[in-house]
Amino acid sequence: MSFNEVNGVGVNPVVLVHGGAWAIPDDLVEDSKAGVQNAARAGYRTLEEAGGTALDAVVAAVCVLEDDPAFDAGTGSVLNEEGEVEMDSVVMEGRELKAGSIACVKNIKNPVKLARLVLEKTDHTMLVGEGANKFAKAMGMDEVPMSTLINAKAMEDFQNFKKFRKVVDHCFHSRSQGHDTVGAVAVDRHGNVACATSTGGISAKMVGRVGDSPIIGSGAYCDNASGAASTTGHGESIVKVTLARQVLYNMQNGDNAQQAAERAISYMSSRVHGSGGTIAVSKTGDIGISFSTERMAWAWAKSGSMHFGINPGEDFTVIS
């Protein structure tokens with residue numbers, strides 16, 4: 001069993017993922033639960049078997065979710081008002097607070113990998129639109145046809161909801177519509193934390209619309225001094241309260257990860273009437289999961305076991 005030392009206390013590596021907070025319909029429940037478990041398993045395997053870093057783990061986990069059409073990220077992305085895919089993603093590591101993000105990128109299978117390249121290969125923290133795609137080409141990333149990123153559900157949503165305001169209402173109050181940003185947080189054996197978030201956005205969104213996901217401090221944030229958080233839900237509300245940073249602020253002020261997550265979601269609800277969810281991990285490996293929507297798919301792997309759930313109050317355990 002590997003472990004790291006934080007303030008003299010042994011901490012086992014852990015990976016925690018979410019598949020989005022929204023009114024997940026019954027016909028997507030099993031795929032969503034399976035998808036987050038697969039992602040957590042991939043991230044944890046990176047830490048344990050490959051000796052990877054927390055950053056390696058969250059990117060590996062989010063790539064699995066981006067490749068799964070059950071989720072609104074990468075392959076499962078929804079369409080904007082002109083019927084095109086525009087994706088956002090962010091990655092961050094907690095040792096030096098390095099971050100990279102991209103917004104409104106097209107034809108990229110795994111936007112989270114491109115966000116990591118921004119972190120590692122540029123002096124910037126964000127690239128958007130055409131510039132992000134040019135950077136992807138310069139880095140040797142292959143572009144894929146837009147058709148490979150579109151599934152039947154995304155096309156159905158596009159046809160039914162072409163007005164932005166209408167889509168926002170239905171995303172969070174209708175069982176038939178969705179908005180399921182994906183994300184991951186991790187602590188590695190060296191005591192470093194990391195986070196990543198990725199999304200295809202909201203169905204029929206305005207061209208060029210950017211929500212919370214790629215915004216550092218809103219869609220994700222981490223710091224070795226406290227922990228890491230990834231958020232999901234109504235992006236405009238999340239940005240207004242810098243939700244991910246709020247989670248870490250709560251931990252810095254004495255909350256454990258669960259208390260910090262719950263307090264941040266409650267604050268967003270009371271302050272801007274926004275719905276969503278967050279996952280969090282403290283620097284000591286404590287887990288936090290909170291959401292105010294009907295459902296949120298989540299899973300975490302630690303010490304050879306897997307925990308997962310999708311409905312409020314659920315916590316199933318399997319030996320992984």
Side-chain angles (χ1 to χ4, degrees), residues 14-44 57-78 87-90 110-112 149 151 153-154 157 171-172 175-186 195-203 211-213 219-220 228-235 238 243-244 261 265 275-281 287-301 306-312 314-316 318 320:
V14 58
V15 176
L16 168 61
V17 307
H18 71 77
W22 60 292
I24 301 170
D26 292 342
D27 61 358
L28 274 181
V29 166
E30 293 306 315
D31 286 345
S32 296
K33 290 193 295 186
V36 291
Q37 290 179 76
N38 290 337
R41 191 172 293 112
Y44 189 70
V58 295
V59 171
V62 169
C63 279
V64 171
L65 296 169
E66 289 177 337
D67 291 343
D68 190 332
F71 303 103
D72 175 16
T75 302
S77 293
V78 297
M87 300 169 288
D88 309 328
S89 186
V90 64
N110 293 113
V112 71
L149 302 175
N151 60 30
K153 179 66 166 58
D157 288 350
C171 281
F172 300 99
R175 294 186 60 85
S176 64
Q177 300 305 316
H179 176 279
D180 49 345
T181 300
V182 304
V185 295
C195 55
T197 304
S198 184
T199 189
I202 297 176
S203 296
D212 68 290
S213 295
S230 172
T231 68
T232 171
H234 181 217
I238 292 172
L243 185 62
I265 292 298
S275 297
T278 185
I279 57 173
V281 63
I287 297 295
I289 300 165
S290 182
F291 55 98
S292 57
T293 52
E294 186 173 337
R295 286 168 167 161
M296 182 177 80
W298 59 268
W300 58 268
M306 174 87 68
H307 290 247
F308 68 94
I310 195 167
N311 293 303
E314 286 184 347
D315 187 350
F316 300 109
V318 296
S320 59

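For the numbers below, each heavy atom of this structure counts, side chains included, while hydrogens, waters and symmetry mates do not.
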inquiry  = Please find the pair of heavy atoms, one from M306 and one from A299, that lie closest to each other, and give the distance.
reply    = SD-CB, 4.1 Å
query = Got a second to check how far T75's OG1 is from L65's CG, nearest 0.5 Å?
reply = 11.0 Å
request  = Grab the two heavy atoms, one from V78 and one from G201, that are nearest each other, plus how far apart they are.
outcome  = CG2-O, 3.4 Å
ask   = Should V182 and V17 count as side-chain neighbours, where that means a heavy-atom distance under 4.5 Å?
value = no
Side chain to side chain contact (heavy atoms under 4.5 Å, CB included) partners for V14, two or more places apart = V187, V281, I287, W300, K302
message = Rounded to the nearest 0.5 Å, what separates atom OG in S230 from atom CG in L243?
response = 9.5 Å
For G200 against M87, the heavy-atom pair lying closest together = CA-CG, 4.3 Å
message = I want to check something: taking the side chain as every heavy atom from C-beta on, are V64 and R41 in contact at a cut-off of under 4.5 Å?
response = no
Partner set under side chain to side chain contact (heavy atoms under 4.5 Å, CB included) for A261, not counting sequence neighbours = T278, S290
query = Distance-only, no hydrogens or angles: does the H18 side chain make a donor-acceptor pair with backbone N or O of T181 under 3.5 Å?
reply = yes
inquiry  = Would you compute the distance between atom CD1 of I265 and atom CE of M296 and round it to the nearest 0.5 angstrom?
reply    = 8.0 Å
key: Nearest heavy atoms of F291 and A21, plus distance in Å   = CB-CB, 4.3 Å
remark   = With sequence neighbours left out, the residues meeting side chain to side chain contact (heavy atoms under 4.5 Å, CB included) with A220 are V90, C195, T197
task = Nearest 0.5 Å please: distance from the CG atom of N38 over to the CZ atom of F308.
result = 11.0 Å
request  = Applying salt bridge (Lys or Arg N to Asp or Glu O under 4.0 Å), name anything that partners D67, two or more places apart in sequence or on another chain.
outcome  = K109
Could you go through residues 28-36 and list every donor-acceptor pair under 3.5 Å that involves a side-chain atom there, pairing it with any protein atom two or more places apart or in another chain?
residue, atom, partner, partner atom, Å
E30, OE2, K33, NZ, 3.3
S32, OG, L28, O, 2.7

request  = To the nearest 0.5 Å, tell me how far L149 CG sits from S77 OG.
outcome  = 6.0 Å
message = Could you check whether any side-chain N or O of N151 sits under 3.5 Å from a backbone N or O of P69, counting only pairs where one atom can act as donor and the other as acceptor?
response = yes
ask   = Atom CG of D72 and atom OG of S203: how far apart are they, to the nearest 0.5 Å?
value = 7.0 Å
inquiry  = Between E66 and V112 (side chain of the first, backbone of the second, donor and acceptor by atom type, cut-off under 3.5 Å), is there such a pair?
reply    = yes
ask   = Closest heavy-atom contact between S292 and S275?
value = OG-CA, 3.5 Å
key: Any donor-acceptor pair under 3.5 Å from D88 side chain to T199 backbone   = no
request  = Could you check T293 against H234 for side chain to side chain contact (heavy atoms under 4.5 Å, CB included), going step by step and ending with a plain yes or no?
outcome  = CA-CA 10 Å; T293 52; H234 181 217; over 6 Å; no
inquiry  = So, using side chain to side chain contact (heavy atoms under 4.5 Å, CB included) as the criterion, who are the partners of A244 when residues are at least two apart?
reply    = Y221, A229, T231
key: Minimum heavy-atom distance between W298 and I289, given as atom pair plus value   = CE3-CD1, 3.3 Å
